[in-house]
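A short worksheet on the structure shown next.
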There are 2 protein chains.
Amino acid sequence: MALSPHVPELGALELLLAVARLGSVGRAAAELGVSQPAASARIKGMERQIGVPLLERSPRGSRPTEAGRLVVEWARQVVEAAQALDAGIDALRGRRDARLRVVASLTVAEYLMPGWLLALNEASPGTAVTLRTANSHDVAAQVLAGEADLGFVEGTSTPPGLSGAVVAADRLVVVVSPEHRWARRRAPVTGAELAATPLVLREVGSGTREVLEEALAPYGGPAAPRLELASSTALKAAAMTGAGPVCLSELAVKEELATRRLVAVPLDGLELQRPLRAVWPSGQRPAGPARELLGLTRAVVAPKPRRA
Amino acid sequence: MALSPHVPELGALELLLAVARLGSVGRAAAELGVSQPAASARIKGMERQIGVPLLERSPRGSRPTEAGRLVVEWARQVVEAAQALDAGIDALRGRRDARLRVVASLTVAEYLMPGWLLALNEASPGTAVTLRTANSHDVAAQVLAGEADLGFVEGTSTPPGLSGAVVAADRLVVVVSPEHRWARRRAPVTGAELAATPLVLREVGSGTREVLEEALAPYGGPAAPRLELASSTALKAAAMTGAGPVCLSELAVKEELATRRLVAVPLDGLELQRPLRAVWPSGQRPAGPARELLGLTRAVVAPKPRRA
DNA sequence: GAGGGCCATAGGCCCAGGCTATGTCCTCAT
DNA sequence: ATGAGGACATAGCCTGGGCCTATGGCCCTC
């Protein structure tokens, strides 16, 4: 499970990307604020570590080799995730001079906020943001009290005193390990069938649990859960070890679904989703950075997926 | 553009994840093969670097603080990308004892292979894989010559002498910067309209260019390109600087679309996609690791997206 | 053939991170 | 009560990776 010692550090990957983009080790060094020999040595160290030449050096610059091109593209994914982390960290520091104070539900903060912050940073560099998390009730309270400029809540209604706009939807999925018999299933699972199956779920009172109960109400509600766990992470772990069908947010398992470590079960006629809303005090239309962030978040959901 | 100095190194992030998973610094240290004091010091260093306490220590273990929980989740994205890179690097080393030799087109190798390799590693740890890239013609040749056990090609037909199965589709999208007027467009762009618009494209002879030309043939083919560039990366950069509509693989811009740094333009009635196929010598059904990898890749595409 | 990019090498410095040994605190069982 | 055990922190020391400056070699261009 541990990363092998062949994986370069983030700094080295960043340097490699800069070289690929700028076409020269020296220019990349300048951009990152280090000396040319340092960059040269670091690239060389990375090649030794990986065991494959990454750059074709010439007196006119450096270009990635064939293998280097692959590493560059793979490294880009890592560095982009690191940039999102960076943006998130920056917002956690909670500085006094923040021009935008955001309070968000856990799901939004965990899975959506970093990307939004990154986009905001790109659109308006230097916008200092602070981020806190709270449950939906406290988010509403903080926004009403003027302690935050913009809030994000989960749920089907906008809290009283606030205006809101739906910015995304948290879709729930039922996932199983690839070995589970449902993983090969092509016929969708019906509501009645799902209601009759013991699932692995979050504890009572959690937002996702409520959505499931509401959706399965016509079928007599979900069966007694096979297991109740306290976090998405625990649910994922349970699913991967084959603990049976697990119901959780699609956002939490996007990666696992893409790499097929988990499999989504097709469902029939169930609306397992709840809206995620941005909220602000009624009659006090967001302005400045808040408006900008709001624009980014809403835009993501606006263009409906469309068959090509 | 450079990562701020607040971002911890991969090793530190990995350690943090282990602590969150195992509930104790000491156990995490043991899992990663370092001493407990080293782990403790490193976590503390990370907290200093980030500027926020990440763990609540107690005599019975350590749990993430509220902020720590966010950092853990964000860090998970980074580490997962690093694991994919790790799997890719491992396959690039090209060892003699490889049990599975894969040769793939650039698109497949860049965007899909790391996830597949990661999944394969998880399903069958210790399977040594080597990966090479080649254009579709050379992929076919190498598979026919027995120099590779499994190939991946792009294109609408299976090369002669080979059997194949479609494992995914490379969908092309037309993207613009968020400031472009098409970014706010709701009415889909028609084929005729697209054909009349100068686009930023890959050079003649590239696979993506061919797909576009074929799709726009009924409308007289694409207009003279506004710009011709040699790589997906260059296309992305051009799109982000607002160089006008750019047509490229959806796989290359998934991240940018999600964070809204680029916007996909809705298209009407255009089939801008080409299949990606796994290929092997006719009549020589893949077995062993090849069969396993094939199973993983095919599974990803099998369950058609379905309205909830 | 002189100058300018560009990359590599050499020598020296610094600090992050690792290890062992030990300390402090809390909990639980005897 | 009291001692054992688990968990994290501190102290002292060592190593190595990464950085810097200075310099050298190569190739292209003017």
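Being a predicted model, the structure only gives us computed values, none of them experimental. Scope of the values below: all heavy atoms of this structure, side chains included, with no hydrogens, waters or symmetry mates.
Regarding A:Leu32, its CG atom lies at a distance of 14 Å from the P atom of D:dG18, rounded to whole Å. The separation between B:Ile43 atom CD1 and D:dA7 atom P is 15 Å, rounded to whole Å. Atom CZ in B:Arg48 sits roughly 13 Å away from atom P in D:dA9 (whole-Å rounding). The interatomic distance linking B:Leu16 (CG) with D:dC8 (P) rounds to 13 Å, in whole Å.
Judged purely by atom type and a 3.5 angstrom limit, A:Asp86 uses its side chain to pair as donor or acceptor with the backbone of B:Ser4.
Taking B:Gln49 as the reference, nothing meets the side-chain hydrogen bond (donor to acceptor under 3.5 Å, both in side chains) condition, with sequence neighbours excluded. Taking A:Ala67 as the reference, A:Val52, A:Thr65, B:Leu92 meet the side chain to side chain contact (heavy atoms under 4.5 Å, CB included) condition, with sequence neighbours excluded. The side-chain hydrogen bond (donor to acceptor under 3.5 Å, both in side chains) test applied to A:Arg226 returns no partner, not counting sequence neighbours. Residues forming a salt bridge (Lys or Arg N to Asp or Glu O under 4.0 Å) with B:Glu9 (at least two apart in sequence, or on another chain): none. Shown here are the side-chain hydrogen bond (donor to acceptor under 3.5 Å, both in side chains) partners of B:Ser40, two or more places apart in sequence or in another chain: there are none. Here B:Arg209 pairs with B:Glu213, B:Glu228 under the side-chain hydrogen bond (donor to acceptor under 3.5 Å, both in side chains) rule; sequence neighbours left out. B:Glu47 is linked by a salt bridge (Lys or Arg N to Asp or Glu O under 4.0 Å) to B:Arg57, counting only residues two or more places apart in sequence or in another chain. A:Arg27 is linked by a salt bridge (Lys or Arg N to Asp or Glu O under 4.0 Å) to nothing, counting only residues two or more places apart in sequence or in another chain. Listed by chain and number, the residues in a salt bridge (Lys or Arg N to Asp or Glu O under 4.0 Å) with B:Arg101 are B:Asp149 (sequence neighbours excluded).
Terminal axes of the helix from C:dG1-D:dC30 to C:dT30-D:dA1 (five pairs each, C1' rotation axis) are separated by 20°, to the nearest 10°.
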Sort me out a list of protein N/O and nucleotides 1-5 of chain D N/O pairs below 3.5 Å, or just none if empty.
none

Check your understanding: Along nucleotides 7-17 of chain C, 5' to 3', which nucleotides get a B, which get an S, and which get a -, given that the test is a protein heavy-atom distance under 4.0 Å?
Key -> BBB-------S
